[in-house]
Amino acid sequence: FLKLELPNEALADALSASDKDPRWSKPLVRAGQAALLLDDFKSTYQYFAKARRLDERYQAAMDGVNSCMQKIIRWEYPAATRRWAKFTLDRSRPRQGLRIWALSD
C-alpha cells in the first residue's frame, strides 16, 4: 500500500500486522512510514520509537527516529509550520497593551 501511495490502507494494514505479532518491529516501521505520508508527525515518531525499542539493530527504525528528530530540530513538520506562521503574525502586532500567554504541548 505504501508503494501505491495509499497511506490510510498502509497504516491499517501495518497496525493489524503489529497486533498479530507485537514483537515484530517491521509493521511498526511501515506504520511510521504511512503516518509520515499522512503528516501525522506525533504518531510517526511513536511508531518508529516503538519499533526501535523492539529491535535496536533494525536500521529502518533507527533511520526513522533520527529523521523525526532532525525534523523537530529544523521545525520541518506541519505543527511547527503553523506555530511559526502564528509567531510571525504576532510579531507584527503593536507592542502597546500586548499580553503574552505561554502554553506548552
Side-chain angles (χ1 to χ4, degrees):
F1 291 113
L2 283 173
K3 289 187 179 184
L4 295 173
E5 295 183 13
L6 299 170
N8 290 317
E9 290 81 0
L11 182 60
D13 185 51
L15 292 177
S16 70
S18 179
D19 289 341
K20 290 182 179 164
D21 186 1
R23 294 172 288 147
W24 192 25
S25 60
K26 186 174 182 175
L28 292 169
V29 170
R30 297 293 182 247
Q33 292 167 340
L36 189 60
L37 288 175
L38 292 169
D39 287 333
D40 187 0
F41 192 74
K42 182 177 179 181
S43 294
T44 299
Y45 179 78
Q46 290 172 345
Y47 293 134
F48 282 131
K50 187 173 181 183
R52 186 175 173 188
R53 278 194 305 271
L54 290 174
D55 185 1
E56 294 179 1
R57 294 177 302 207
Y58 190 28
Q59 190 62 42
M62 289 189 287
D63 291 344
V65 169
N66 291 337
S67 173
C68 287
M69 295 305 286
Q70 289 298 318
K71 288 183 181 211
I72 288 171
I73 291 169
R74 293 186 190 135
W75 285 60
E76 294 177 348
Y77 56 101
T81 304
R82 288 190 301 274
R83 286 186 192 127
W84 190 254
K86 178 86 170 129
F87 171 74
T88 304
L89 176 71
D90 289 342
R91 209 167 103 188
S92 66
R93 293 186 179 169
R95 294 177 188 233
Q96 294 82 7
L98 181 68
R99 294 181 358 179
I100 298 174
W101 301 91
L103 299 175
S104 177
D105 291 338

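For residues 50-72, the set of pairs meeting the ring-ring contact (aromatic ring centres under 6.0 Å, His included) definition, not counting sequence neighbours, is empty.
Nearest approach of Ala31 to Leu11, heavy atoms of both residues: O-CD1, 3.6 Å. Met69 approaches Tyr45 most closely through the heavy-atom pair SD-CE1, 3.8 Å. Heavy-atom minimum distance, Phe41 versus Cys68: CZ-O, 3.3 Å.
Taking a 6.0 Å sphere around CD of Glu5, one finds it holds 12 or fewer heavy atoms contributed by other residues, nucleotides or ligands.
Judged by distance alone, the side chain of Asp13 and the main-chain N or O of Glu9 form no donor-acceptor pair under 3.5 Å. Ser67 places no side-chain N or O within 3.5 Å of a backbone atom of Asp63 that could act as its donor or acceptor partner.
No side-chain heavy atom of Arg30 sits less than 4.5 Å from a side-chain heavy atom of Tyr47. With contacts defined as side-chain heavy-atom distances shorter than 4.5 Å, the pair Lys71/Thr44 does not qualify.
Rounded to the nearest 0.5 Å, atoms CZ (Arg57) and CZ (Arg52) are 13.5 Å apart.
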Side chains of residues 19-29: which donor-acceptor pairs under 3.5 Å do they make with residues two or more places apart or in other chains?
from: Asp21; atom 1: OD1; to: Arg23; atom 2: N; distance (Å): 3.3

